[in-house]
Trainee: 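Pasting in a structure now, in structure tokens, and then I'll have a few things to ask.
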Amino acid sequence: MAGRNVLYMRSNLLGSRCWVIQSSTEILFNSASCRLFGVKCHTVNGESSEKKELLNNLLTMGVDIDMAKKRQPGVFNRMVTNEQDLKMFLLSKGASREAIASIISRYPRAIIRTSESLSKRWDLWRKIMASDLDVVSILERSPESFFRSDNNLNLENNIKFFYSVGLTQKCLCRLLTNAPRSFSNSLELNKQMVAFLQAVSLSLDHKDPADFVRKLIFKNPFILIQSTKRVKANIEFLQSTFSLTSKELLALICGPGAYTLDLSNDYVKRNYTNIKKKLISLGCSEEEVQKFVLRYPDMIFLAEKKFNDKIDYLIQEKIDISQIIESPRVLDSSLSTLKTRIKELTNAGYNLNTSSIALLSWSLNRYKAKLNKLNG
């Protein structure tokens with residue numbers, strides 16, 4: 001009947017109960033009774049009071065709720081969150097309120113970590129980093145690296161392992177700064193990669209496997225988050241494609257070719273095939289192609305369209321292919337940068353056809369200084 005109230009007992013999944021008064025027009029909850037029995041009380045729209053409190057807290061902190069929900073929606077269904085503790089903890093370490101809001105927006109799982117876990121993890125990171133602000137800067141750039149796991153024992157074991165295989169504190173600092181996910185790998189996974197690299201070292205007649213591992217990880221700190229299968233395939237590709245001796249291959253993968261080991265092997269092969277095809281079509285010999293890539297292996301990172309478009313534009317501007325072969329770094333610059341600089345240099349009377357084209361890839365400050373000098 002309209003307007004009639006009904007009193008009944010309602011159970012939740014855990015068997016707890018609270019009294020509910022239901023009418024035909026509204027549902028009222030006895031919040032005090034619910035709190036007494038430890039039950040989460042629900043509002044008419046289905047949102048819990050705890051969830052509303054969480055949302056209010058995050059909004060007050062400046063968190064982008066839409067972004068956070070899109071990235072990790074499950075966090076908003078947690079019974080317990082520690083956003084206030086997290087805020088106070090990070091503030092005490094020197095993080096700004098804006099930085100904290102950004103961290104939570106991008107990696108909301110940060111708010112489920114306990115103060116005890118955060119303190120322990122922070123202490124372990126600080127054994128490597130020089131200051132709290134250094135740690136904060138990593139969190140701002142990659143919040144996942146710190147908050148993804150609360151397995152501090154695994155982190156501690158990884159640090160001990162890295163030291164045991166000869167990595168210096170400087171190397172660990174570079175590793176943590178650039179590829180912090182390495183420390184979240186399982187200890188077994190890191191052991192597998194290090195053992196693989198040591199085996200590669202011995203197969204190439206390197207007398208000091210620890211030195212090889214240290215040099216390669218320092219040069220390419222991302223190596224530990226790759227699979228041994230990928231790294232092996234790329235090393236074999238480099239050796240067979242360029243007919244390198246063991247000594248030459250060691251110098252390449254511990255030097256300018258270190259980052260090519262990160263790429264998918266199919267991507268490496270596809271891009272190299274395109275480079276070779278394009279340059280040979282412009283009159284280069286296979287030997288010149290190999291010289292070009294070995295001089296600057298980062299060329300392999302350039303996808304087919306970007307590489308071809310840049311080459312075509314430079315050729316259109318009457319720059320000889322031999323000049324590009326001698327200065328491959330010019331292809332690091334974006335197509336728009338190349339167009340702007342060539343126009344400015346031409347207007348300043350600089351002849352790119354007879355002079356070095358290296359300045360097309362110079363840093364902005366160095367380039368501006370040269371351009372000002374040319375303009376008198």
Side-chain angles (χ1 to χ4, degrees), residues 124-125 128-129 138 141-142 144-146 148-149 151 154-242 244 246-272 293-294 296-302 332:
L124 289 169
W125 277 41
I128 299 170
M129 306 305 293
I138 297 176
R141 189 173 66 253
S142 174
E144 179 184 3
S145 61
F146 188 86
R148 182 168 178 255
S149 170
N151 189 342
N154 182 67
L155 171 60
E156 189 169 12
N157 287 337
N158 271 326
I159 293 172
K160 289 177 181 176
F161 171 67
F162 290 147
Y163 278 128
S164 75
V165 296
L167 300 190
T168 62
Q169 182 161 353
K170 183 179 180 181
C171 189
L172 286 188
C173 182
R174 177 168 167 75
L175 191 59
L176 190 55
T177 302
N178 293 280
R181 276 179 52 202
S182 306
F183 292 83
S184 296
N185 284 347
S186 70
L187 178 61
E188 187 55 37
L189 201 59
N190 283 330
K191 283 184 174 181
Q192 286 176 13
M193 178 57 82
V194 169
F196 166 74
L197 294 177
Q198 289 172 335
V200 168
S201 168
L202 292 172
S203 72
L204 297 177
D205 301 321
H206 195 281
K207 305 304 179 187
D208 188 348
D211 177 64
F212 172 78
V213 170
R214 184 168 54 249
K215 283 180 178 176
L216 182 52
I217 291 178
F218 189 80
K219 185 67 179 178
N220 179 4
F222 301 98
I223 195 77
L224 287 168
I225 57 178
Q226 307 304 326
S227 70
T228 54
K229 181 181 178 182
R230 169 175 289 193
V231 176
K232 182 175 185 288
N234 286 331
I235 289 175
E236 289 174 347
F237 171 79
L238 291 172
Q239 187 168 30
S240 61
T241 301
F242 299 101
L244 301 172
S246 294
K247 186 177 181 180
E248 289 170 337
L249 182 58
L250 280 168
L252 180 64
I253 61 180
C254 285
Y259 283 103
T260 61
L261 303 181
D262 293 346
L263 297 170
S264 138
N265 189 242
D266 287 341
Y267 187 80
V268 169
K269 288 179 179 178
R270 185 167 62 250
N271 287 355
Y272 178 71
V293 175
L294 288 175
Y296 196 55
D298 281 3
M299 283 300 97
I300 292 176
F301 282 82
L302 278 177
D332 268 348

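Index from 1, following the sequence.
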Trainee: Are the aromatic rings of Phe183 and Phe146 close, with centres under 6.0 Å apart?
Mentor: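 Not under 6.0 Å, so no.
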Trainee: Can you confirm whether Val194 sits close enough to Gln198 that some side-chain heavy atom of one is under 4.5 Å from a side-chain heavy atom of the other?
Mentor: yes
Trainee: Counting the benzene-type ring for Trp, do Phe301 and Tyr267 have ring centres under 6.0 Å apart?
Mentor: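 No: the rings miss the under 6.0 Å criterion.
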Trainee: Any side-chain heavy atom of Leu204 within less than 4.5 Å of one from Gln239?
Mentor: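 Sidechains of Gln239 and Leu204: in contact.
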Trainee: Would you mind reporting whether Tyr272 and Leu238 have side-chain heavy atoms less than 4.5 Å apart?
Mentor: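 The answer is no, as the side chains (C-beta and beyond) never meet within the 4.5 Å cut-off.
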Trainee: Does Tyr296 use its side chain to pair, donor to acceptor, with the backbone of Asp332 at less than 3.5 Å?
Mentor: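 Judged by distance alone, no pair lies under 3.5 Å.
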Trainee: Report the residue from Cys254, Ser201, Ser246 that forms a side chain to side chain contact (heavy atoms under 4.5 Å, CB included) with His206.
Mentor: Ser201
Trainee: Would the distance check show the side chain of Gln169 and the main-chain N or O of Ile128 forming a donor-acceptor pair, the cut-off being under 3.5 Å?
Mentor: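 Confirmed, Gln169 side chain pairs with Ile128 backbone.
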Trainee: Is it the case that the side chain of Asn154 and the backbone of Leu187 share a donor-acceptor pair, with hydrogens and angles ignored and the cut-off at 3.5 Å?
Mentor: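 Side chain of Asn154 to backbone of Leu187, a donor-acceptor pair under 3.5 Å: yes, one is there.
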Trainee: Once you round to the nearest 0.5 Å, how far does OG of Ser184 lie from CD1 of Ile225?
Mentor: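 With rounding to 0.5 Å, OG (Ser184) is 10.5 Å from CD1 (Ile225).
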Trainee: Using 0.5 Å steps for rounding, measure from the NZ atom of Lys232 to the OG atom of Ser227.
Mentor: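 OG of Ser227 is found 11.5 Å from NZ of Lys232.
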Trainee: Between the side chains of Asn185 and Asn158, is a donor N or O closer than 3.5 angstrom to an acceptor N or O?
Mentor: no
Trainee: Between Ala251 and Pro256, what is the shortest heavy-atom contact and its length?
Mentor: O-CD, 3.9 Å
Trainee: For the residue pair Gln226 and Met193, what are the closest heavy atoms and their distance?
Mentor: O-CE, 3.3 Å
Trainee: Please tell me if the side chains of Leu155 and Ile159 come closer than 4.5 Å, counting only heavy atoms from C-beta onward.
Mentor: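 A side-chain contact exists here, since the closest heavy-atom pair is under 4.5 Å.
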Trainee: Where do Lys215 and Asp211 land on the salt bridge (Lys or Arg N to Asp or Glu O under 4.0 Å) test, with the steps shown first?
Mentor: CA-CA 6 Å; Lys215 283 180 178 176; Asp211 177 64; 3.3 Å; yes
Trainee: Taking all non-hydrogen atoms of both residues, which atom of Thr260 and which atom of Asn234 are closest, and how far apart?
Mentor: O-ND2, 3.4 Å
Trainee: Determine whether a donor-acceptor pair (N or O, by modelled atom type, separation under 3.5 Å) exists between the side chain of Arg230 and the backbone of Asn265.
Mentor: no
Trainee: Are any side-chain N or O atoms of Arg214 and backbone N or O atoms of Leu167, one a donor and one an acceptor, separated by less than 3.5 Å?
Mentor: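 Absent.
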Trainee: Please report the shortest heavy-atom distance between Ile217 and Ile223, naming the atom on each side.
Mentor: CG1-CG2, 3.7 Å
Trainee: Ignoring hydrogens, what is the shortest heavy-atom contact between Ser142 and Pro180? Give both atom names and the distance.
Mentor: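 Where Ser142 meets Pro180 most closely, the heavy atoms are OG-CG, 4.2 Å.
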Trainee: Taking the side chain as C-beta and beyond, is there a heavy-atom pair between Trp125 and Ile138 under 4.5 Å?
Mentor: yes
Trainee: If only atom types and distance count, is the side chain of Tyr259 paired as donor or acceptor with the main-chain N or O of Lys219 below 3.5 Å?
Mentor: yes
Trainee: Please find the pair of heavy atoms, one from Pro221 and one from Leu175, that lie closest to each other, and give the distance.
Mentor: O-CD1, 3.1 Å
Trainee: Taking the side chain as every heavy atom from C-beta outward, state whether Phe212 and Val200 have any pair of such atoms under 4.5 Å apart.
Mentor: yes
Trainee: With distance as the sole test, does Asn178 use its side chain to make a donor-acceptor pair with the main-chain N or O of Arg174 at under 3.5 Å?
Mentor: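 At least one qualifying donor-acceptor pair exists.
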Trainee: Under 3.5 Å, side chain of Ser240 to main-chain N/O of Phe237, donor-acceptor pair present?
Mentor: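 Such a contact is found between Ser240 side chain and Phe237 backbone.
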Trainee: For Leu302 and Met299, run side chain to side chain contact (heavy atoms under 4.5 Å, CB included): C-alpha distance rounded to whole Å, both residues' side-chain angles, the deciding distance at 0.1 Å, then the answer.
Mentor: CA-CA 6 Å; Leu302 278 177; Met299 283 300 97; 4.1 Å; yes
Trainee: Are any non-hydrogen side-chain atoms of Glu248 and Phe242 less than 4.5 angstrom apart?
Mentor: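 Result no, sub-4.5 Å side-chain heavy-atom pair not found.
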Trainee: So, do Leu216 and Leu261 sit near enough that their side-chain heavy atoms are less than 4.5 Å apart?
Mentor: yes
Trainee: Before you tell me yes or no, could you show the steps for Lys269 and Thr241 under side chain to side chain contact (heavy atoms under 4.5 Å, CB included), namely the whole-Å CA-CA distance, both residues' side-chain angles and the distance that decides it to 0.1 Å?
Mentor: CA-CA 10 Å; Lys269 288 179 179 178; Thr241 301; over 6 Å; no
